[in-house]
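Following: one structure in structure tokens, then a few remarks.
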Amino acid sequence: MIFRDARSCFGPPRSRRLSVMSEETAVPPVEDLGTLLRIRREKMEQLRVLGVDPFGKRFETTHAPGALRDSFSEGKAVRIAGRITALRDMGKSNFLDLSDLNGRIQVFVNKGAIGDGAWEIYKHLDIGDWIGIAGETFLTKTGEPSVKALEVTVLSKSLRPMPSKWHGIVDPQIKYRQRYLDLIANERSREIFKKRCLMVAEIRRYLQERGFFEVETPMLQDVPGGAAAQPFQTHHNALGMDMFLRIAPELYLKRLLVGGFEKVFELNRSFRNEGISRRHNPEFTMLEAYWAYADFEKMADLVEDLVCHLAETFCGGLRIEHRNAEGEVTKTINLSRPWKRAPYRDLVAAAAGADWWTLDAAAKRTRCEQLGVEISAEMEEYEISQQVFEKLVEEKTIDPVFVTHVSKELVPLAKQNAADDSIVDVYELIINGAEISPGYSELNDPDVQRRRLEEQAGEEVQKIDEDFLLALEYGMPPAGGIGIGIDRLMMMLTGAESIRDVVLFPQLKRREG
RNA sequence: GGAAAGGUAGCUCAGUCGGUAGAGCAGUUGGCUUUUAACCAAUUGGUCCUGGGUUCGAAUCCCAGCCUUUCCA
């Protein structure tokens, strides 16, 4: 009975689906297509005439193309599958490159070896088609590891031409709107996204190994909390209520601390309805982890260890080199431990003058003018300092720095410092000029938490998550918490200049027409 | 939201002073049974982002719009 409504998973009701399918299967009139497309469709039809299904079926393999080339030995019977990425036609002998995500291997196709019937089918293949090869490994006279084809199986006909074989795809519109073409054409993109998959899996494994439970909390929320950001609004029809996509999972993860989950994490999407830039995508991936009885310094140790572990495992060490299109090193990030830890106020004072924190608001404004830091008239005093921090400290920080003890106004969910209640026990980890990870000693006093949220919310009282405050009244253990911006971490570790280069399908404007 | 740069063949890009729309690769045809950016010969392919305007004539100059990138907010 669980699957009673499963039909909804597969799309609209049946009658409508049929009409949709008939539209999908309708072949566009050939004369409306360009020559390149028409010729490929004709080859597809000719394959059918020869009794071959151009879209294939299950094919058992013994090896993968890239792996076979990496650990090659002669005289082995193999079955491999992949996409044709290059074709060198010598008449009755052809050489083609068969590729997978990890590499390529050369296939030698000879008319005499596969027979006239198979050769006739083979002649209808193009770069971009998926094929299976049964054959035997050998070295050519130039020493190239190769597979001599004995059987060729058509797995899928490609009806459109592939991108340039050595320039790849550079048009950002194609790169981002048709990521599959970017992945086909650009090895660098393949490597970045493979690395991202492996690193995300390793982050999960790392935390699970240390006793953290991965949980899933609501992305559809009644009150969007846990951060200061504009949410996406939506509506639940059956409940007749407006809802929001979460801007952070924090308040739900803390409910789990109340419920007795002492080590939890969530690694998934949050959504912020704000500007799109080199560093911002409206949906982004964040890790949040909470550890009962820990504090922000213990969390800093954890993050430092985790990031170094990822760098050593996947980036060849703790020196991360960023390169430009020409392959020249433009920046080197040194992750050597221990990472610097310094109070926010010391760093601001070092950048803006030792007397910064003794200045009044007017004097701070004057100093900003002298330092070339732009500020607006309506900024509060703590916001002026924050602006100085962002422009003169954050943007100039390449190697990791844990910035500790920021002003309490900036972080309403963190515990105030025991000795100075104007600051909070937190860190902001800065690497590569960007905030990678915040960490707190979590505020667990329900009354203080209410005041701090009310101060932040101002008149917008409806923004306060009463159910979260109720949960705190039942008792939340003291805990350390972290967030890690996974996309920005990936940029730092892979050398990507834009978040769009580490997000498979970044948000772009809808193309009209 | 503001500023700058860009949009030309399937891909990567030229296009001079406003005067017939170009190259490489891909494709097609022919040749070639060990090539690997294969090679040789021939050849097809264009909404020059869109819409106005100036002009005898616009890819090119002007205006508006769309999309992208970068910087700023």
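Convention: sequence-line order gives letters A, B, ...; per-chain numbering from 1. On a predicted model such as this, the values are computed, not experimentally measured, just so you know.
- A salt bridge links A/D89 and A/K123; the closest N-O separation between the charged side-chain nitrogens and carboxylate oxygens is under 4.0 Å.
- The separation of B/C67 from B/A26, taken at their C1' atoms, amounts to 26 Å, rounded to a whole angstrom.
- For B/U68, one of the phosphate oxygens OP1 or OP2 lies less than 4.0 angstrom from a side-chain nitrogen or oxygen of A/R177.
- Heavy-atom neighbours of A/K148 NZ from other residues, nucleotides or ligands within 6.0 Å: at or below the threshold of 12.
- Around the CD atom of A/E390, the shell of radius 6.0 Å holds more than 12 heavy atoms that belong to other residues, nucleotides or ligands.
- Checking B/G27, B/U68, B/U34 against every side-chain atom of A/I39, the shortest atom distance belongs to B/G27.
- Using atom C1' as the reference point in both B/G45 and B/U50, the two lie 23 Å apart (nearest Å).
- Counting any heavy atom pair closer than 4.0 Å across all strands shown, A/K43 reaches sugar-phosphate atoms only and no base atom.
- Within the nucleic acid shown, A/K509 comes within 4.0 Å of sugar-phosphate atoms alone, with no base atom in reach, counting heavy atoms only.
- The gap from the P atom of B/U8 to that of B/G30 amounts to 33 Å, rounded to the nearest Å.
- Residue A/R278 is in sugar-phosphate contact alone, with no base atom involved, counting any heavy-atom pair closer than 4.0 Å across all strands shown.
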Produce the list of close N/O pairs, under 3.5 Å, pairing protein atoms with atoms of nucleotides 10-14 of chain B; give distances to one decimal.
residue: B/C11; atom: O2'; partner: A/S164; partner atom: N; Å: 3.1
residue: B/C11; atom: O2'; partner: A/G168; partner atom: O; Å: 3.0
residue: B/U12; atom: OP1; partner: A/V170; partner atom: N; Å: 3.1
residue: B/U12; atom: OP1; partner: A/D171; partner atom: N; Å: 2.9

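- At a cut-off of 3.5 angstrom, counting only N and O atoms as typed in the model, there is no donor on one side facing an acceptor on the other between the side-chain of A/T35 and the base of B/U44.
- The pairing partner recorded for B/A73 is none, the criterion being a Watson-Crick or G-U wobble arrangement whose two distances lie under 3.5 angstrom.
- Comparing the P positions of B/G18 and B/U60 gives a spacing of 11 Å, expressed to the nearest Å.
- Listed candidates were B/U34, B/U35, B/U28. Nearest to the side chain of A/S146 is B/U35.
- Interface remark: the A/E144 side chain does not form any donor-acceptor pair with the B/U35 base, using a distance-only criterion of under 3.5 Å.
- Between A/R88 and B/U35 there is no side-chain N or O to OP1 or OP2 distance below 4.0 Å.
- Comparing A/L139 and A/A86 by the nucleotide of RNA chain B whose heavy atom lies nearest to each, the residue mapping closer to the 5' end is A/L139.
- One finds a side-chain N or O of A/R500 lying less than 4.0 angstrom from the OP1 or OP2 phosphate oxygen of B/U69.
- Counting non-hydrogen atoms under 4.0 angstrom, A/L181 reaches nothing in the nucleic acid.
- The main-chain N or O of A/N334 is never found under 3.5 Å from a side-chain atom of A/R319 such that the two would form a donor-acceptor pair.
- Across the P atoms, B/A58 and B/G6 are found 23 Å apart, a figure rounded to whole Å.
- The aromatic rings of A/F402 and A/Y427 stand perpendicular to each other, their planes meeting at an angle above 60°, with 30° marking the opposite boundary.
- Among the atoms of the strands shown, only primed sugar atoms or phosphate atoms (P, OP1, OP2) are found under 4.0 Å from some heavy atom of A/K391.
- Checked by atom type and distance alone, the side chain of A/R367 pairs as donor or acceptor with a backbone atom of A/A352 at under 3.5 Å.
- Ranked by how close their nearest RNA chain B nucleotide is to the 5' end, A/D126 and A/T142 are led by A/D126.
- Going from the P atom of B/U70 to that of B/G31 covers 50 Å, rounded to whole Å.
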